[in-house]
Amino acid sequence: MSTDHTIAPHGGVLVDLLVPEGERQRLLEDAQHFPKLVVSERELSDLELLAVGALSPLTGFQAEAEYHHILETMHLTSGLAWTIPVTLSLTDEEVKRVGGAEAVALLAEEGGEPLAILEVGEVFKRDRQKEALAVFATEDLEHPGVAALHEAGDFCLAGELRVLRLPPHEDFLEYRLTPAQTRAEFVRRGWRTVVGFQTRNPIHRAHEYIQKCALEIVDGLLVHPLVGATKGDDVPAEVRMRCYEVLFEGYYPKDRAMVSVFPAAMRYAGPKEAIWHAICRKNYGCTHFIVGRDHAGVGDYYGTYEAQRIFEEFEPGELGVTPLMFEHSFWCNRCEGMASPKTCPHGEADRLSLSGTKVREMLRAGERPPQEFSRPEVADILIEAMRGA
Ligand SMILES: [Zn+2]
């Protein structure tokens, strides 16, 4: 498959850590002799991203020198932009189990088949305070990313990965495209420029508007919902997927827009995660990436525009992917259409604005928000889901 008319992956080469079919059996037998480690749900997501090249140029879980370099400089030691270390945690007990082994087998669950073999590079102690401040800009344990960091072990195991098979999934199978597959699909559709949209929420009119504004200037739109671990009060992925399906059915041009899933876990790292998300989507073949207000934020840990401003801290062209920054958007009665503070001269009284709390209240009461806020088909799915919850 020719990739010469699509964007290059981060670092230039799309990583593929899956071992060839012919070597798998031998490696599976080798794996029986290695210490076994069960990988947490979040790190399993990272393992999958690594395996398929979504984290190109990374080829394994990162070592101590890279870890500190990223936290201090937002770059890999090679000089490439990178904002969040990708590590594999070990508890004290697991450190003993690894001992002096040259390799370990990684499992999704106790007694399961090995998914991957990690050639042990080094074991190092993580610096929780430094990591929390650098990645999440807070040490507050109420922050879901900081809380996850504190639940993880004190040590990290670094090393190159050879992946025997991808973590098994039972859901969204037709939407699980690897970066190689989305790239091939873009080529097949003749898209040279593609804008990626990260989401962990149902899509209401405001985000539909932003996506379509972006689509006006590129060939195609990839709606790329994150389906790894999120915090408990986010709308579950299977409900969100049904919302995307009805939205695509009714309101999106099929030859210009597609949905596939991003198997990452949510970190809620705001600006640092905005850069990380953009780089990942470049690996999936996106030339452009939408950055809204408070991208990947949670609570009020980050300023409204911080996730947009962080892009200015990189040299032009350094990230490769072009961020498209968007304002908050809304329906305006006087404009008679969707608009933003950039395009609408009218006041608050003419603009339809509903708080997240208000929308949840309406849905819980079985009431559709105005169709200028949410497509009725989407509202019905959310009402139905809340009834079941
Ligand atoms: Zn207006």
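Please read all numbers here as calculations on a predicted model, not as lab measurements. Counting convention: from 1, in listed order, for ligands and their atoms alike.
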Should [X] and [Y] count as an ion pair when the cut-off is N to O under 4.0 Å?
| X | Y | result |
| --- | --- | --- |
| E372 | R205 | no |
| E29 | R26 | no |
| E93 | K96 | no |

Revision key, fill the gap. So, leaving waters aside, the tally of protein N/O/S atoms less than 2.8 Å from the Zn ion (ligand 1) stands at 4
Review point. Which word best sums up how the rings of H143 and Y302 line up, parallel for under 30°, tilted for 30 to 60°, or perpendicular for over 60°?
Key: perpendicular
Practice item. Give the ring-plane orientation class for H328 versus F330, where under 30° counts as parallel, over 60° as perpendicular and anything between as tilted. Key: tilted
Check your understanding: Which one of E377, K212, E208 satisfies the side chain to side chain donor-acceptor pair (under 3.5 Å) criterion with Y251?
Key -> E377
